[in-house]
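Reviewing the structure listed below.
Keep in mind that what you see is a predicted model, and the values were worked out from it rather than measured. All values below were derived from every heavy atom in this structure, side-chain atoms included, with hydrogens, water molecules and symmetry-related copies excluded.
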Protein chains: 2
Amino acid sequence: MDALIRNMEVSINPRLYLKDPQSTQLGKRIVSNGIDMISAMGVEQFNFKKLGEQIGSNESSIYRYFENKHKFLIYLCSWYWGWLELRLVQETHRITEPLECLKRGIDTLTRPVEADASYGHIDEVALHEIVVNEYSKPFLTREVDQQNREGYFEIYKRLVHRLADMIRAVNPEYPFAASLSSTVLEGSLHHFFLEQHFPSLTELEGVKNHTLFFRQLVLSAINK
Amino acid sequence: MDALIRNMEVSINPRLYLKDPQSTQLGKRIVSNGIDMISAMGVEQFNFKKLGEQIGSNESSIYRYFENKHKFLIYLCSWYWGWLELRLVQETHRITEPLECLKRGIDTLTRPVEADASYGHIDEVALHEIVVNEYSKPFLTREVDQQNREGYFEIYKRLVHRLADMIRAVNPEYPFAASLSSTVLEGSLHHFFLEQHFPSLTELEGVKNHTLFFRQLVLSAINK
DNA sequence: TATTTAACGATAGTAATACTATTATATTGC
DNA sequence: GCAATATAATAGTATTACTATCGTTAAATA
């Protein structure tokens, strides 16, 4: 089981790309340089032409991997959520005591991201920056429902459900496990954003408070 | 005092417009039709040319009121938050008991918006739709910090601080009043969005649960 | 009432974006 | 060595988000 869990990989809905970027050198360069550029300049300023120039390739080549910029962003975010899900599973699957499991889960999901050597060409710290600064853009569109039906947000939803299950394991009577789980995941990103841009709207600064706040929020809500 | 509070009006940072839309007929038509159109088609699909056609006026005339679409959106959202702040003050200023005051405050801020006859040309329900479906777009940009310095988000910040003060009034020892307040305001919008588009990620449906969830979340967090 | 002034409407134009289409040139598999 | 595939280069298109200009209309003032 352990080996199995260690060898898990992030798998992403193939509808998000035209050609799997993991399958070629160029594809990997598109993804890794795309992450760097978007985290540096923001999605609005980013486009495939600039990315092409950056990697010494061509706009049209990138369009053979990704249909458009928006799907590229969803792809990157999905990768992030998938990666976080792996960490969640890895860090909690040995823990049998539900309360301890939940605490560790919240820690994993709310603490800042550190570099992870396991995935060579992807800079998780830069990716976290993207998710914090653009977090709602994948779904705040007119096409959400359509895209949701096509499964673009499956990984994120699965992650919310995982945390919700951990909450239910501690207190099966609590009626809002999914809502609370959503609040933690969304709230955590939002608080990273607030720390950076609206410090007067939060007391959280640095790692410790961040995790403490969400832990206490959840545990008191479910009355433990 | 009561009369004073009844007569308060939403006042918006003049830097958000070139010419005060409240000062003319055309301005009011721009705002009210803009709200209708954005709530119907979303900001991405919306533009000043379409709005001009809709109100039998001209693109260039609208640009004399608002510098660009983004500031127009911030203007509308500011109006919404200002209006909500008024309601918050009106509904809580007579209550002296802090806990009761906090409960009423949370109710006001988290329950769905109903039509308000006080502001003739503005459709608050449509405006609420906009805020729910585009809520992070005003600030998820590269220009946040600049725009924050120019005071574009003052009203929203003031609202967060008001709720935080109510929390502190109930429990001065609780160290995360602002964070909790931010979580409620952001979370409430997010949950309206989830109800519409990702119902599996929340148990909240309809008014009752919505307010109940946030009430219980806050009160248990601050240990009351 | 005449005149000035401000507001508005209409048209045209621009730079950038987000692609699409086509063709040429490498690279790889057999 | 040849066919098939992947990539590069170039050009082109529709749309967007404005800006600039100018004539007309309405309002304010004298």
- Could you tell me the separation between the CD1 atom of Ile62(A) and the P atom of dA8(D), rounded to a whole number of Å? 9 Å
- May I have the distance from Phe72(A) (atom CZ) to dC19(C) (atom C1'), rounded to whole angstrom? 16 Å
- Taking OP1 and OP2 of dA7(C), is either one under 4.0 Å from a side-chain nitrogen or oxygen of Tyr65(B)? no
- Message: Closest approach to the side chain of Lys19(B), judged atom by atom: which nucleotide of dA7(C), dT7(D), dT16(D) is it?
- Response: dA7(C)
- Message: Would you say Gln196(A) and Glu129(A) are linked by a side-chain donor-acceptor pair, where the criterion is simply a distance under 3.5 Å?
- Response: yes
- Query: With no hydrogens and no angle check, do the side chains of Glu195(A) and His210(A) hold a donor and an acceptor under 3.5 Å apart?
  - Reply: yes
- Query: Please, which pairs that meet salt bridge (Lys or Arg N to Asp or Glu O under 4.0 Å) have at least one residue in residues 104-113 of chain A, sequence neighbours excluded?
  - Reply: Glu91(A)-Arg104(A), Glu91(A)-Arg111(A), Asp107(A)-Arg215(A)
- When you measure from the side chain of Ser57(B), which nucleotide among dG9(C), dA18(C), dT10(D) comes out closest? dG9(C)
- Task: Could you check whether the rings of Tyr17(A) and Tyr75(A) sit parallel, tilted or perpendicular, using 30° and 60° as the cut-offs?
- Result: perpendicular
- Give the nucleotide from the list dA8(D), dT17(C), dC8(C) with an atom nearest to the side chain of Asn47(A). dT17(C)
- Item | From CA spacing to verdict: ring pair (Phe, Tyr, Trp, His ring centres under 6.0 Å), Phe193(B), Phe139(A) | CA-CA 10 Å; Phe193(B) 184 84; Phe139(A) 53 83; 5.5 Å; yes
- Item | Base-contact (B) and sugar-phosphate-only (S) positions in nucleotides 18-27 of chain D, heavy-atom cut-off under 4.0 Å, - elsewhere | BB--------
- Note on the structure: The reported gap from OG in Ser188(B) to CG in Leu109(B) (rounded to nearest 0.5 angstrom) is 8.0 Å
- Note on the structure: To the nearest angstrom, the CG-C1' distance between Asn58(A) and dA11(D) comes to 12 Å
- Check the angle between the aromatic planes of Phe66(A) and Phe48(A) and answer parallel, tilted or perpendicular using the 30° and 60° thresholds. tilted
- Query: Which range-with-range stems can be found for DNA chain C when each stem has 3 or more Watson-Crick or G-U pairs in a row and both distances sit under 3.5 Å?
  - Reply: C:1-30 with D:1-30
- Message: Does either side chain, that of Arg87(A) or that of Gln90(A), offer a donor lying less than 3.5 Å from an acceptor on the other one?
- Response: no
- Send over the distance from Lys49(A) NZ to dA16(C) C1', rounded to a whole Å. 9 Å
- Any side-chain heavy-atom pair of Asn148(A) and Lys157(A) under 4.5 Å: yes
